[in-house]
Amino acid sequence: MTPTVKLNNNYDFPVIGLGTYNAGKEGEVEQVVKDAIDVGYRHIDGAMVYENEKEVGAAINAKIAEGVIKREDIFVTSKLWNTYHKPELVQQGLRKTLADLGLKYLDLYLMHWPFAFKEGEVLMPKDENGQLIPSDVDYVDTWKEMEECVKSGLTKSIGLSNFNSEQIQRVLDIATIKPVVNQIQHGTVPIPKSSNKRRLQENIGVFNFELSEQEVASIDALNRNARICVFAEYHKLYPFNVEF
C-alpha cells in the first residue's frame with residue numbers, strides 16, 4: 001500500500017502521485033496511467049490545461065472495470081484553469097473536467113494559479129504582441145465558489161497551486177473551507193512523471209529506505225534559486241516576486 005498523509009479535512013492523501021503534464025505523446029497517456037496503476041500508484045495528478053483528461057479518465061475507468069481498483073481506491077486531482085476564475089464559471093470548469101475524466105467527483109480540486117486570463121474557450125488567450133490577456137478577477141472570489149464545489153459534492157477537497165505566502169493568507173482570511181494543500185512544498189507529496197513503466201516502478205519504489213539528514217542537506221545545497229515554470233510573470237498577481 002502507498003503511504004498516505006492526513007489532510008486537514010481528515011482525508012488520506014497518497015504520498016506519491018503520478019504527474020500527467022506532458023505525460024507521453026498524444027495517444028500514450030492512457031497507457032502511462034494504466035501502467036502506473038498496475039505498479040501501485042493510487043494518486044493521479046492532472047489538470048484541464050494539460051489537455052489529456054479524457055485519456056487519463058479512460059485509463060482510470062478501464063482499471064476500475066478490470067477490477068484492479070475501485071473508485072474509492074484512487075485519489076484523483078485536477079485543477080481549475082485561469083480562464084474559469086469568474087465565480088459563475090468555476091463549477092462549469094469542474095464539470096467539464098469531470099465529464100472528460102468520466103468521473104462523478106474529484107478527490108482534490110486546485111486553483112492552478114492565483115491569476116486569471118480572459119474568459120473563453122481559448123486556454124491561452126494572447127494579444128497581438130503574443131502576451132497572455134489577463135482577466136481582473138480576484139482569486140478570493142474564485143475561492144468562495146471553489147467552496148461551493150465541495151458543498152455540491154463535485155470534489156471532496158480543494159486547495160491551491162503556485163500561490164505565495166501572502167496570497168495564501170488572503171484566502172485563509174476569507175475561507176470557510178480551508179485549502180488542504182498549496183501544490184509547491186519540500187518534504188510532502190511529490191508527483192513524479194514518466195512514460196516509461198520501469199521508471200514508474202522505480203519512482204514508487206522509494207519506501208524501503210530513508211535519506212539521512214546529511215544526504216537531504218546535500219540535496220538542498222543544489223538549490224539554484226530558480227524556477228522551472230516561469231509563466232505570465234508580467235501579470236499583476238504573479239506569485240513569485242516575493243521571497244516565499
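Treat the numbers as computed from the prediction; the structure is a model and nothing was measured.
- Asn164 contributes a side-chain N or O that, together with a main-chain N or O of Glu166, makes up a donor-acceptor pair within less than 3.5 Å.
- Proximity of Asp38 to Lys63: side-chain heavy atoms (C-beta onward) are separated by under 4.5 Å at one or more points.
- Shown here is Lys34, whose NZ atom has more than 12 heavy atoms of other residues, nucleotides or ligands within 6.0 Å.
- When all heavy atoms of Glu145 and Pro87 are compared, the closest pair comes out as CG-O, 3.1 Å.
- If you take CZ on Arg42 and CD on Glu72, they are separated by 12.0 Å, rounding to the nearest 0.5 Å.
- Taking every heavy atom of both residues into account, Tyr109 and Val90 meet most closely at OH-O, 4.4 Å.
- Judged by a 6.0 Å distance limit and a 45° cone about the ring axis, Arg71 is positioned over the six-membered ring of Tyr105.
- Contact detail for Pro239 and Asn162: the closest heavy-atom pair is CG-O, 3.0 Å.
- Of the possible polar contacts, one joining the Asn8 side chain to the Pro179 backbone as a donor-acceptor pair under 3.5 Å is found.
- With Thr142 contributing its side chain and His85 its backbone, the two residues share a donor-acceptor pair below 3.5 Å.
- Both Ile168 and Val140 are assigned to one and the same hydrophobic cluster, defined by single-linkage of ILVMFWY side chains at heavy-atom distances under 4.5 Å.
- Between the side chain of Ser152 and the main chain of Leu154, no donor-acceptor pair closer than 3.5 Å is present.
- Classified by interplanar angle (parallel below 30°, tilted 30° to 60°, perpendicular above 60°), the ring pair Phe115/Tyr238 is parallel.
- The line from CZ of Phe13 to NE2 of His43 is 4.0 Å long, rounded to the nearest 0.5 Å.
- Note: the hydrophobic cluster containing Leu80 does not contain Val122 (ILVMFWY, side chain heavy atoms under 4.5 Å, direct or indirect links).
- Under the 4.5 Å side-chain heavy-atom criterion for grouping Ile, Leu, Val, Met, Phe, Trp and Tyr, Ile133 is not connected to Tyr84 through any hydrophobic cluster.
- Ile60 CD1 to Ile37 CD1: the interatomic distance, rounded to the nearest 0.5 Å, is 5.5 Å.
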In sequence, state the C-alpha distance, the side-chain angles, and the governing distance for Val33 and Glu55, and then conclude on side chain to side chain contact (heavy atoms under 4.5 Å, CB included). CA-CA 9 Å; Val33 176; Glu55 291 185 67; over 6 Å; no

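- Here the side chains of Ile219 and Leu211 are in contact, with some heavy-atom distance below 4.5 Å.
- The two residues Tyr139 and Leu237 come nearest to each other via the heavy atoms CD2-CD1, 4.0 Å.
- Other residues, nucleotides and ligands contribute over 12 non-hydrogen atoms within 6.0 Å of the NZ atom of Lys6.
- Two residues are said to be in side-chain contact when any heavy atoms from C-beta on lie closer than 4.5 Å; Leu172 and Lys178 meet this criterion.
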How far apart are the C-alpha atoms of Arg198 and Glu202, what are their side-chain angles, what is the distance that settles it, and do they pass the salt bridge (Lys or Arg N to Asp or Glu O under 4.0 Å) test? CA-CA 6 Å; Arg198 179 178 61 82; Glu202 290 173 348; 2.7 Å; yes

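- Under the 3.5 Å distance criterion, the side-chain polar atoms of Asn82 are left unmatched by any main-chain donor or acceptor of Leu123.
- In this structure, the side chain of Asp107 engages the main chain of Val76 through a donor-acceptor pair within 3.5 Å.
- Taking a 6.0 Å sphere around CD of Glu210, one finds it holds 12 or fewer heavy atoms contributed by other residues, nucleotides or ligands.
- The number of heavy-atom neighbours closer than 6.0 Å to NZ of Lys151, taken from other residues, nucleotides and ligands shown, is above 12.
- For CD of Glu213, the number of neighbouring non-hydrogen atoms (other residues, nucleotides, ligands) closer than 6.0 Å is 12 at most.
- Cluster membership for Val68 and Ile64, using ILVMFWY side-chain heavy atoms within less than 4.5 angstrom, is shared.
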From CA spacing to verdict: side chain to side chain contact (heavy atoms under 4.5 Å, CB included), Gln201, Asp35: CA-CA 9 Å; Gln201 180 68 65; Asp35 288 343; over 6 Å; no

Could you check Phe75 against Tyr11 for ring-ring contact (aromatic ring centres under 6.0 Å, His included), going step by step and ending with a plain yes or no? CA-CA 10 Å; Phe75 192 103; Tyr11 285 111; 8.1 Å; no

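- Residues Leu132 and His235 fail the side-chain proximity criterion, which asks for heavy atoms closer than 4.5 Å.
- Interatomic distance, CH2 of Trp81 versus CH2 of Trp113, reported as 7.5 Å (0.5 Å rounding).
- Separation of atoms OG1 (Thr20) and CG (Asn52) is listed at 5.0 Å; rounding is to 0.5 Å.
- Here Thr155 contributes atom OG1 and Leu103 contributes atom CG; the two are 11.0 Å apart, rounded to the nearest 0.5 Å.
- The environment of Asp173 atom CG is dense: over 12 non-hydrogen atoms of other residues, nucleotides or ligands sit within 6.0 angstrom.
- Across every non-hydrogen atom of Lys118 and Thr83, the tightest pair is O-CG2, 3.3 Å.
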Set out, in order, the CA-CA distance, both residues' side-chain angles and the distance that settles side chain to side chain contact (heavy atoms under 4.5 Å, CB included) for Phe163 and Met111, then state yes or no. CA-CA 9 Å; Phe163 276 57; Met111 204 184 315; 3.7 Å; yes

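- Met124 and Val137 fall into different hydrophobic clusters, where Ile, Leu, Val, Met, Phe, Trp and Tyr residues are linked whenever their side-chain heavy atoms come under 4.5 Å apart, directly or through other members.
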Stepwise side chain to side chain donor-acceptor pair (under 3.5 Å) test for Thr176 and Glu147: CA-CA 8 Å; Thr176 59; Glu147 294 181 337; 2.8 Å; yes

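- The shortest non-hydrogen separation linking Ile16 to Asn203 is CD1-O, 3.4 Å.
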